[in-house]
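The structure appears below as structure tokens.
This chain uses plain numbering: 1 for the first residue, then up along the sequence. The model shown is predicted, which means the values in this text are computed figures rather than measured ones.
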Amino acid sequence: MADPWWRTGPQDVHRIEDRISSLYAERCHIDRDDNAIVLVNKARTVHVPAAWLAVLLVGPGSRITHPAVTLLADSGTAVCWVGEQGVRLYATGTSTARGSQLQLRQAWLVTRPKERVAVARRMYDMRFPGEETTGLTLQQLRGREGTRIRRLYGQHSQRTGVPWTKREYKPGDAFAAGDDVNRLLSAANSALYGICHAAVTGLGASPALGFVHTGNALSFVLDIADPYKAEFTIPLAFDLAAQGLTSERDARTALRDAVVQGKLLPRIVADIKRLLVPEGTAMPDDDFGGLWDEGDTVVSGGRNWSATDHLDVIPEPPENTEQEEEEGPAAGESAP
């Protein structure tokens, strides 16, 4: 079992793409036993290696101890408290990333209009593989994406025989609005957001700094999740509705299985890296805790700089200052 990240080398912490995507637990006591999470209910006790989890979904009727949360944070595992009305993310564990290089890169990209447009265009290109989008504006790309999604809804409705009129969603209560297929879409999308959030934070990127979405604490999570909806959550919702499986749990467990079968986590990780650090982009190999200096330079941290030449010294006043003041005109007098 891997030790917490601060006690290990980078190779000892399980990569986010190699982990189990999610584990849902409800109506149980969650505790810690060494480096494992222990799930206890009246029927049985289950031990789960914390470092192998990307996301732990804590459902209704559950309680979790401080040592268990500490272990999950140390392991870089996201923790989501979820309700019966849909999967909602309330907290996340500490990232497995050791430095801020990827987040600094993301902030640099999102604050420069030209670079931000380039990343947003790459995100739309993920939706249209093999299509030429070079000459299209972002508004045209949004329109093409809307047309594509509307067409997909119609195709899956025809394929499954499930009636479809329009997408309905109630913010803050994802499983409350619309018909069965709409509610299944909302529940599956919410679970997908949790998985993407775990990948984003696990790599050390910022969930809030989006390129297409903006103004939301999870803007980048929404950016990353959108390209996978056509392949995962949309067909899944129509298939479940056709089978009469309409609960939030049906959507969550079906998506979990689809994510495993489709090996989605490695794809998410690769796509985030491709979006933020395209091939040929130079990035520091190692992250370290430094101190920012003037001129956008970085000096080493973890040391006392008082005995170095970099210490700022306040200059002493000139020796003749008092003499010059005494020889000058007195207050209220004018110079000759």
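- Between S62 and A25, the shortest heavy-atom contact is OG-O, 3.4 Å.
- A side-chain donor-acceptor contact under 3.5 Å links T70 to the backbone of H66.
- Under the 4.5 Å side-chain heavy-atom criterion for Ile, Leu, Val, Met, Phe, Trp and Tyr, I234 and L264 are members of distinct hydrophobic clusters.
- A cation-pi arrangement is present between R252 and Y24, with the terminal nitrogen or guanidinium carbon under 6.0 Å from the aromatic centre and inside a 45° cone about the axis.
- Using cut-offs of 30° and 60° for the angle between ring planes, the F238 and Y153 rings count as tilted.
- In this structure, the side chain of T233 does not engage the main chain of N189 through any donor-acceptor pair within 3.5 Å.
- Between I268 and A199, the shortest heavy-atom contact is CG2-CB, 3.5 Å.
- Here K166 contributes atom NZ and D179 contributes atom CG; the two are 10.5 Å apart, rounded to the nearest 0.5 Å.
- Of the residues M126, E131, E132, the one that meets the side-chain contact (heavy atoms from CB on, under 4.5 Å) test with F128 is E131.
- Expressed to the nearest 0.5 Å, how far CG of L72 lies from CD1 of I64 amounts to 5.5 Å.
- In terms of modelled atom types and a separation under 3.5 Å, the side chain of Q106 and the main chain of S206 share a donor-acceptor contact.
- Interatomic distance, L275 CG to M123 CE, rounded to the nearest 0.5 Å: 5.0 Å.
- Put simply, the side chain of R32 gets close to the backbone of D34: a donor and an acceptor are under 3.5 Å apart.
- Nearest heavy-atom pair across E168 and S186 is O-OG, 4.3 Å.
- Closest heavy-atom contact between A251 and A188: CB-N, 4.0 Å.
- Classification of R122 and D125 as a salt-bridged pair fails, no side-chain N sitting under 4.0 Å from a carboxylate O.
- Using modelled atom types, no side-chain atom of D31 and backbone atom of V38 make a donor-acceptor pair closer than 3.5 Å.
- Scanning both residues, I37 and I30, for their nearest heavy atoms gives CG2-CG2, 3.5 Å.
- Of the possible polar contacts, one joining the D223 side chain to the V212 backbone as a donor-acceptor pair under 3.5 Å is found.
- For the pair R121 and Y124, the cation-pi criterion (under 6.0 Å, within 45° of the ring axis) is not fulfilled.
- Between the side chain of R63 and the backbone N or O of H29, no donor-acceptor pair lies under 3.5 Å.
- With values rounded to the nearest 0.5 angstrom, D250 atom CG is found 12.5 Å from D239 atom CG.
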